[in-house]
Protein chains: 2
Amino acid sequence: MRRIMLVVSYDGTGYSGWALQKSTPNTIEEMLNRAIKAVTGESLKVIGASRTDAGVHAYGNVAVFDTDSSIPGDRFSYALNHVLPSDIRIRQSMEVASDFHPRHCNTEKTYEYRILNTRTEIPTERLYSYHFSMPLDEKRMQKAADCLVGEHDFTSFCNVESQALSHVRTIKDITVRRDGDMVMISVTGNGFLYNMVRIIAGTLILVGRGKMDAADVPAVLEKKDRAAAGPTAPPQGLFLMKYEFPDGIPGALDKNI
Amino acid sequence: MRRIMLVVSYDGTGYSGWALQKSTPNTIEEMLNRAIKAVTGESLKVIGASRTDAGVHAYGNVAVFDTDSSIPGDRFSYALNHVLPSDIRIRQSMEVASDFHPRHCNTEKTYEYRILNTRTEIPTERLYSYHFSMPLDEKRMQKAADCLVGEHDFTSFCNVESQALSHVRTIKDITVRRDGDMVMISVTGNGFLYNMVRIIAGTLILVGRGKMDAADVPAVLEKKDRAAAGPTAPPQGLFLMKYEFPDGIPGALDKNI
């Protein structure tokens with residue numbers, strides 16, 4: 001039995017999210033389970049590093065599974081891409097240590113939230129950004145973002161249905177940049193709460209359009225109340241960009257993902 | 001009766017192209033006709049500046065129509081966007097002179113062809129670029145592109161089914177640039193033949209991967225034979241970016257589109 005790790009990218013538009021939920025088989029997880037069955041004949045379940053919500057996209061989510069197949073670790077990407085639908089691609093595959101678990105080790109992940117800031121929506125961007133037509137000042141947004149960097153209790157930035165035992169998380173970096181009409185918020189941290197990045201995006205948008213001051217953000221954190229922060233920005237603007245493993249990936253031949 | 005001009009952007013993914021063809025109503029043109037009927041009650045047909053192929057996208061195609069409606073020219077965009085599907089947006093609308101015709105005046109249009117040059121396809125880019133996995137040298141591509149600038153007989157770069165009387169066209173500029181993994185070919189000219197930009201893209205890709213030399217491109221033009229050029233690159237990489245009217249738009253209050 002060998003453990004295989006996958007770096008998975010997907011267009012979340014057509015899916016009910018990563019994880020099997022309620023009675024819908026229309027999840028990224030289920031598509032991977034089926035592709036692995038088609039390739040190896042084994043009925044098994046992948047373990048995802050991040051259970052992204054419906055409509056959220058990924059450039060580099062991570063999953064692991066255990067197999068008795070003789071397919072070499074680095075060849076699984078080709079075999080799986082052959083049977084997966086075109087909106088899911090395995091960017092990389094590798095054999096890892098049998099006790100490696102992407103949720104139980106030191107990781108840093110980076111999300112990007114994309115806001116199309118034009119008067120009129122651009123149809124070819126509509127599935128991969130949040131269209132916001134009022135002017136946004138990205139410098140104000142960066143100032144507000146700076147207040148969120150570091151270790152904080154992020155209760156105000158967490159969906160009230162969260163079942164996490166602690167709401168303390170550490171954000172390593174938030175960068176707000178503009179490339180023409182697209183405003184991108186990049187957030188790196190070691191762990192994120194339910195809807196946390198989308199609530200951060202919704203709050204920074206309030207600041208960017210002048211409805212909240214950057215100087216108010218520490219008080220929003222302080223209140224530990226979801227109602228104090230801005231709205232949850234819609235899912236199609238969110239991309240899980242990458243996972244990094246600062247301590248390395250045990251058992252992996254290829255240390256770079 | 002007033003003539004209204006629209007600047008139209010669309011995601012061509014779900015359509016059979018701009019123009020009504022065979023028996024499919026699934027065209028951009030038909031969606032605009034229906035939206036105008038819903039807004040004004042008039043059964044009429046828009047005249048498009050460029051009849052883009054199935055799957056090709058537009059940021060700024062142009063259309064005109066004549067109406068007895070009292071809706072101000074600049075308000076048509078709002079009214080039409082209210083009833084159009086989300087994959088078609090009117091970016092701008094304006095009243096123009098009653099004899100203005102976007103195909104019978106001096107125009108310059110710019111196309112962009114986007115090539116995603118990564119080992120593995122990125123699902124969120126798959127509908128809006130051509131995935132090409134072998135390395136491309138964009139400097140070689142630019143050298144080849146330079147040979148196409150100016151007035152030439154572009155028979156070698158034209159679909160054999162073209163019914164154009166002359167295949168002589170003038171390309172004002174071709175710029176090949178790379179932004180990370182995306183290679184973009186931007187082509188500006190006063191007129192284009194059937195599939196011309198997609199055949200230019202397919203030929204520059206041959207040069208970029210080292211299967212043809214830039215120095216061979218003048219001979220390809222010289223042959224006036226479609227078989228001498230590269231393949232027709234697929235439609236989803238092509239964007240009609242903008243129309244420009246160097247002599248202005250007769251009757252328009254707003255000269256900028």
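Predicted model, so just to flag it, every value in this text is computed and none were measured. Labels below follow one simple rule: chain letters A, B, ... track the order of the sequence lines, proteins then strands, and each chain is numbered from 1.
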When the ring centroid of B:Phe192 is compared with that of B:Tyr111, is the distance short of 6.0 Å?
-> yes
A:Ser129 side chain near A:Phe239 side chain, heavy-atom distance below 4.5 Å = no
Checking A:Leu127 against chain B: side chain, backbone, both or neither under 4.5 Å from a heavy atom?
-> side chain
So which part of B:Ile90 gets closer than 4.5 Å to some heavy atom of chain A, the side chain, the backbone, both or neither?
-> backbone
Region of A:Thr120 that comes under 4.5 Å of a non-hydrogen atom in chain B | side chain
Does CZ belonging to A:Arg51 count more than 12 external heavy atoms closer than 6.0 Å?
-> no
Can you say whether B:Arg89 sits under 4.5 Å from chain A via the side chain, the backbone, both, or neither, judging by heavy atoms?
-> both
Are a donor atom and an acceptor atom from the side chains of A:Glu42 and A:Thr67 found within less than 3.5 Å of each other?
-> yes
